[in-house]
Amino acid sequence: MKRRPLIAGNWKMHKTVPETLAYIEAFKPLVAGVEDRDIMLAPPFTALDAAQRALEGTNISLGAQNCHWESEGAFTGEISPKMLADIGVTYVIIGHSERRHIFGETNEMIRRKIEAALKFSLSPILCIGETLAEREAGRTFEVLEQQLKEGLEGFSTADLKELVIAYEPVWAIGTGKTATPEQAEEAHAFCRKLLKDMFGEEFANKIRILYGGSVKPENIVGLMARPDIDGALVGGASLKPDVFARIVCFGRTE
Ligand code: 13P
């Protein structure tokens, strides 16, 4: 079954407001008329509002890089899904490996963030992935299974209609070391099979599983050719509009 591709750019802690606006100005015409796939940009929180205005009426959706699990309250420094929905954000990246490993996010925190995001009709992009040590110890599938089971515990298929999964092997992030299309496909197929066991075949066939980790214009075609790879979550290569546009436009001739 063919799923609609989603190519998403995660800018991480990069770009001021003027830099964001200059990027969008340059990027918009490069992807204008691309209607057979979804495109998303996730600037830092400080640039979201300006980005939303600049993206209005385009084929580019807006994503945030994180959110809190409560709607409001005494959580100094945090941003809630209610606030993100209020300014027109559509997607929110949840449980990115940098959040898990640098900021100590657990599967339980991630599950609560997904629940909160869904409450405000945001599409969560749940990130999962093994470290190099886990891969070398032969624990890749075990780690993915735990992240998916604990992160998605208690939800129904109706709740998770807009969920997106991103498989990002930690050893491939920002290292220039991409998983081979075979390695990525193996992990994606495992996740889809697990989703089938958890939520049924119809749900598993519909859910998009993105690959992330050193995606570039040079390797996107090979990755997207695999049956269970439905898009990409791009870090470094999403920071330049021309480079990211080449990734977004993979496989198009014009
Ligand atoms: P890179 O594309 O820089 O490896 O980052 C991937 C990533 O973490 C996207 O969320």
Side-chain angles (χ1 to χ4, degrees), residues 5-15 19-20 23 27 37-45 47-48 51 60-67 84 89-105 110 113-114 117 122-132 134-135 140 143-144 147-148 151 163-181 183-184 187-188 191 208-224 226 229-250:
L6 167 61
I7 308 295
N10 172 13
W11 287 359
K12 308 190 179 183
M13 198 170 70
H14 292 281
K15 297 197 192 292
E19 286 166 352
T20 298
Y23 180 110
F27 184 63
R37 57 201 71 186
D38 292 330
I39 309 168
M40 184 210 87
L41 289 175
F45 286 129
L48 281 175
I60 307 158
S61 301
L62 188 62
Q65 300 175 18
N66 181 29
C67 68
L84 297 175
V89 168
T90 308
Y91 294 92
V92 57
I93 298 169
I94 295 182
H96 189 278
S97 66
E98 286 146 22
R99 304 285 332 160
R100 292 175 186 265
H101 298 292
I102 306 173
F103 301 102
E105 285 191 13
I110 289 162
K113 289 181 179 207
I114 293 173
L122 298 171
S123 298
I125 302 182
L126 166 61
C127 299
I128 57 173
E130 81 287 1
T131 62
L132 185 60
E134 288 162 345
R135 174 163 281 262
T140 297
V143 169
L144 297 179
Q147 290 172 337
L148 278 178
L163 175 77
V164 177
I165 308 275
Y167 169 62
E168 301 204 312
V170 180
W171 49 271
I173 295 179
T175 57
K177 249 198 228 171
T178 329
T180 63
Q183 284 173 320
H188 283 228
C191 293
R208 292 186 288 192
I209 307 179
L210 315 183
Y211 169 77
S214 300
V215 173
K216 306 183 254 293
E218 293 73 29
N219 57 27
I220 184 71
V221 174
L223 289 161
M224 291 303 295
R226 300 291 156 155
I229 301 180
D230 308 313
L233 184 54
V234 186
S238 74
L239 291 173
K240 291 208 172 106
D242 54 329
V243 177
F244 189 49
R246 283 169 61 206
I247 297 176
V248 167
C249 296
F250 78 91

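Counting starts at 1 for both ligands and their atoms, in listed order.
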Asks: Is it the case that the side chains of W11 and Q65 hold a donor-acceptor pair, with the cut-off being a distance below 3.5 Å and no angle test?
Replies: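 Looking only at side-chain atoms, W11 and Q65 do not form any donor-acceptor pair under 3.5 Å.
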Asks: Among all the protein's non-hydrogen atoms, which is closest to atom 5 (O) of ligand 1, and how far away is it?
Replies: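 Answer, as residue, atom name and distance: K12 NZ, 3.3 Å.
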Asks: Would you say T175 and ligand 1 have an N/O pair spaced under 3.5 Å apart?
Replies: no
Asks: I'd like to know whether ligand 1 has A172 as a neighbour, heavy-atom separation below 4.0 Å.
Replies: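 A172: in contact with ligand 1 (<4.0 Å).
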Asks: Compare G235, C127, G174 and give the one whose heavy atom is closest to atom 4 (O) of ligand 1.
Replies: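 Looking at heavy atoms only, G174 sits closest to atom 4 (O) of ligand 1.
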Asks: Hey, is ligand 1 close enough to E98 that some N/O pair sits below 3.5 Å?
Replies: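 Checking ligand 1 against E98, no N or O pair falls under 3.5 Å apart.
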Asks: Give a yes or no answer on whether the side chain of E130 reaches the backbone of L144 with a donor-acceptor pair at less than 3.5 Å.
Replies: no
Asks: For ligand 1, which atoms sit closer than 4.0 Å to a heavy atom of H96?
Replies: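 Those qualifying, in numeric order: 7 (C), 8 (O), 9 (C), 10 (O).
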Asks: Taking 4.0 Å as the limit for heavy-atom contacts, which would you say applies to N10 with ligand 1: side chain only, backbone only, both, or neither?
Replies: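 Near ligand 1, N10 shows its side chain, while the N, CA, C and O stay back.
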Asks: So is R37 actually on top of F250's ring, under 6.0 Å and inside 45° of the axis?
Replies: yes
Asks: Applying side-chain contact (heavy atoms from CB on, under 4.5 Å) between R246 and each of E218, K240, K216, report the one that passes.
Replies: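 Of E218, K240, K216, side-chain contact (heavy atoms from CB on, under 4.5 Å) with R246 is met by E218 alone.
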Asks: Only one of V248, I247, I7, L6 forms a side-chain contact (heavy atoms from CB on, under 4.5 Å) with I39, so which one is it?
Replies: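 With I39 as partner, V248, I247, I7, L6 yield a single side-chain contact (heavy atoms from CB on, under 4.5 Å), made by V248.
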Asks: Relative to each other, are the rings of H188 and Y167 parallel, tilted or perpendicular (30° and 60° limits)?
Replies: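 It falls in the perpendicular class, over 60°.
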Asks: Has ligand 1 got any nitrogen or oxygen that is less than 3.5 angstrom from a nitrogen or oxygen of G213?
Replies: no
Asks: For S214 and G176, work out which heavy atoms get closest and say how close.
Replies: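 The pair with the smallest heavy-atom distance is OG-N, 2.9 Å.
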Asks: Starting from atom 9 (C) of ligand 1, which protein heavy atom do you reach first, and at what distance in Å?
Replies: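 Protein heavy atom at minimum distance: E168 OE2, 2.9 Å.
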Asks: Would you mind listing which atoms of ligand 1 come within a distance below 4.0 Å of any non-hydrogen atom of G236?
Replies: 1 (P), 2 (O), 3 (O)
Asks: Using a heavy-atom cut-off of under 4.0 Å, does the side chain or the backbone of S97 touch ligand 1, or both, or neither?
Replies: neither
Asks: For L148 and L126: C-alpha separation, side-chain torsions, deciding distance, then whether side chain to side chain contact (heavy atoms under 4.5 Å, CB included) applies.
Replies: CA-CA 9 Å; L148 278 178; L126 166 61; 4.1 Å; yes
Asks: Would you mind listing which atoms of ligand 1 come within a distance below 4.0 Å of any non-hydrogen atom of S214?
Replies: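 Ligand 1 atoms under the 4.0 Å threshold to S214: 1 (P), 2 (O), 4 (O).
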